[in-house]
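Heavy-atom basis, side chains included; hydrogens, waters and symmetry copies ignored.
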Amino acid sequence: MTQADIQVFDTEDQLQQAAAEQIANLLQRTTSQGETRVALAGGSTPRRLYELLSEIKNINWSRVHVYWSDERAVPPDHEECNYRMAYEVLLERVSIPDEQIHRMRGEVPPEDAARQYERVLRETFELEPGQLPQFDLILLGMGADGHTASLFPGTSAVHERERLVVANDDPDLSIPRITLTFPVLNAAAKVMFLVAGQDKAPAVRQVIAGSDGDQPPAAHVRPTNGNLRWLLDREAAKDLK
Ligand code: 6PG
């Protein structure tokens with residue numbers, strides 16, 4: 001596994017701008033060679049990034065397939081829906097074919113949605129039995145507790161090593177989730193974490209500089225043959241040496 005590449009920016013806006021440029025460059029390179037498959041992060045941090053991406057003109061969206069790292073078990077028009085946020089600020093504004101937007105169906109029971117999404121991955125990546133989907137890029141955020149996607153500390157989802165997608169209906173979760181599992185995250189060609197804000201600083205230190213002990217879920221994102229990059233603002237990085 002390659003070592004993580006860590007980039008720290010003075011402000012969150014500079015982080016978002018840099019992320020947009022880096023992702024645009026990646027998409028321009030990969031779409032010049034063929035289809036490109038990206039899993040979007042949920043939560044609030046990537047909203048500005050998605051807006052910025054929608055304004056970059058020379059991305060060939062006709063060759064981009066968009067997936068999600070995780071989703072809340074809510075309908076697609078719900079305010080908590082990760083798909084809805086990305087659709088409103090990015091996907092509705094660019095020329096990506098509808099059939100290349102692969103939404104996790106939060107409106108059906110989470111276990112059904114997880115199994116259905118696993119079928120979507122197997123079909124769209126044309127996977128052989130036992131093969132993992134290799135995303136060109138997976139975007140991730142991280143919670144103050146060190147969760148990523150919907151792989152929350154202490155939930156069974158973090159231990160899943162066989163399935164590609166699972167439901168996480170841990171009683172501590174306000175809304176049940178559907179999430180990609182670590183095998184899929186770690187099969188990616190590139191994983192980019194976008195983390196901003198001082199509330200994330202303790203988890204950032206634990207994940208990036210912590211000892212091997214009981215590290216939070218985000219520490220287990222270690223792409224086997226891929227590249228791992230953290231984009232942090234100064235507040236989130238304040239506890240790093
Ligand atoms: C979600 C995300 C989740 C998110 C972190 C950070 O569905 O909420 O996938 O993992 O990335 O909770 O969220 P913020 O960006 O809102 O801080």
Side-chain angles (χ1 to χ4, degrees), residues 1-9 12 15-16 18-19 22-23 38-46 49 67-72 82 114 132-170 172-173 177-241:
M1 193 275 297
T2 53
Q3 286 306 313
D5 169 29
I6 299 159
Q7 299 180 354
V8 180
F9 300 89
E12 179 172 353
L15 180 163
Q16 303 280 5
Q22 292 177 24
I23 294 166
V38 179
L40 298 181
S44 58
T45 302
L49 163 63
Y67 302 74
W68 273 263
S69 307
D70 69 322
E71 186 55 277
R72 290 82 181 271
N82 288 332
L132 290 169
Q134 185 185 39
F135 282 92
D136 295 283
L137 173 64
I138 296 182
L139 297 177
L140 292 173
M142 185 182 72
D145 61 358
H147 80 261
T148 189
S150 286
L151 299 164
F152 288 83
T155 64
S156 58
V158 300
H159 303 296
E160 180 59 51
R161 292 296 178 272
E162 300 303 322
R163 292 179 57 186
L164 307 181
V165 189
V166 294
N168 194 343
D169 53 3
D170 186 276
D172 290 342
L173 294 177
R177 307 286 190 97
I178 304 109
T179 185
L180 299 183
T181 58
F182 280 120
V184 176
L185 302 184
N186 288 328
K190 187 176 186 68
V191 176
M192 284 175 78
F193 274 96
L194 283 79
V195 182
Q198 66 175 0
D199 63 318
K200 310 286 178 75
V204 165
R205 190 196 56 75
Q206 264 192 305
V207 167
I208 290 179
S211 60
D212 263 345
D214 185 20
Q215 287 192 294
H220 300 289
V221 176
R222 299 190 183 115
T224 310
N225 297 308
N227 174 276
L228 174 60
R229 174 167 295 171
W230 287 78
L231 284 84
L232 306 169
D233 72 351
R234 194 156 300 288
E235 285 190 353
K238 74 180 181 64
D239 291 349
L240 290 178
K241 293 290 171 275

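- Phe193 pairs by the ring-ring contact (aromatic ring centres under 6.0 Å, His included) definition with Trp230, not counting sequence neighbours.
- With sequence neighbours excluded, the residues forming a side-chain contact (heavy atoms from CB on, under 4.5 Å) with Gln7 are Asp5, Phe9, Gln22, Arg229, Leu231, listed by chain and number.
- Across all their heavy atoms, Pro202 and Gln198 have their closest contact at CD-O, 3.8 Å.
- Nearest heavy atom pair, residue Pro223 against residue Leu228, reads CD-CB, 3.8 Å.
- No side-chain heavy atom of Val165 sits less than 4.5 Å from a side-chain heavy atom of Thr179.
- Of the inter-residue distances, the one linking Asn82 atom CG with Leu40 atom CG reads 9.0 Å to the nearest 0.5 angstrom.
- The side-chain heavy atoms of Asp233 and Val195, taken from C-beta on, include no pair separated by under 4.5 Å.
- Leu139 has its side chain out of reach of Ser69: every pair of non-hydrogen atoms, C-beta onward, lies at least 4.5 Å apart.
- Within the model, atoms CG of Asp136 and CD1 of Ile23 stand 12.5 Å from one another, a figure rounded to the nearest 0.5 Å.
- In this structure a side-chain-to-backbone donor-acceptor pair under 3.5 Å is missing from Gln134 to Gly226.
- Contact check for Met192 versus Ile138: no side-chain heavy atoms found under the 4.5 Å cut-off.
- The two residues Pro183 and Leu132 have their closest heavy-atom pair at O-CD1, 3.7 Å.
- Put simply, the side chain of Leu232 reaches to within 4.5 Å of the side chain of Leu240, judged on heavy atoms.
- Within the 4.5 Å cutoff, the side chain of Tyr67 has no heavy atoms near those of the Pro133 side chain.
- Remark: Gln16 CD to Thr45 OG1 distance equals 7.0 Å, nearest 0.5 Å.
- With hydrogens and angles disregarded, a donor-acceptor distance shorter than 3.5 Å links the side chain of Asn186 to the backbone of Arg222.
- Residues forming a side-chain hydrogen bond (donor to acceptor under 3.5 Å, both in side chains) with Arg205 (at least two apart in sequence, or on another chain): none.
- Within the structure, salt bridge (Lys or Arg N to Asp or Glu O under 4.0 Å) contacts touching residues 156-169 (residues at least two apart or in different chains) are Glu111-Arg163.
- Side-chain contact between Leu164 and Leu180 is absent, with no heavy atoms from C-beta onward closer than 4.5 Å.
- The heavy-atom pair separating Val184 from Phe135 by the smallest distance is CG1-CE1, 3.7 Å.
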Throw together a table of side-chain donor-acceptor distances under 3.5 angstrom for residues 142-157, partners on residues two or more places apart or in other chains.
| residue | atom | partner | partner atom | Å |
| --- | --- | --- | --- | --- |
| Asp145 | OD1 | His147 | N | 2.9 |
| Asp145 | OD1 | His147 | ND1 | 2.6 |
| Asp145 | OD2 | His147 | ND1 | 3.4 |
| Thr148 | OG1 | Gly141 | O | 2.8 |
| Ser150 | OG | Asp70 | OD2 | 2.6 |
| Ser150 | OG | Arg177 | NH1 | 3.0 |
| Thr155 | OG1 | Phe152 | O | 2.7 |
| Thr155 | OG1 | Asn168 | ND2 | 3.1 |

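- Counting only distance, with no hydrogens or angles, the side chain of Glu12 and the backbone of Ala196 share no donor-acceptor pair below 3.5 Å.
- Residues Val191 and Asn227 form no side-chain contact, since every pair of their non-hydrogen atoms from C-beta on lies 4.5 Å or further apart.
- Qualifying salt bridge (charged side-chain N to carboxylate O under 4.0 Å, His left out) partners for Asp239, counting only residues two or more places apart in sequence or in other chains: none.
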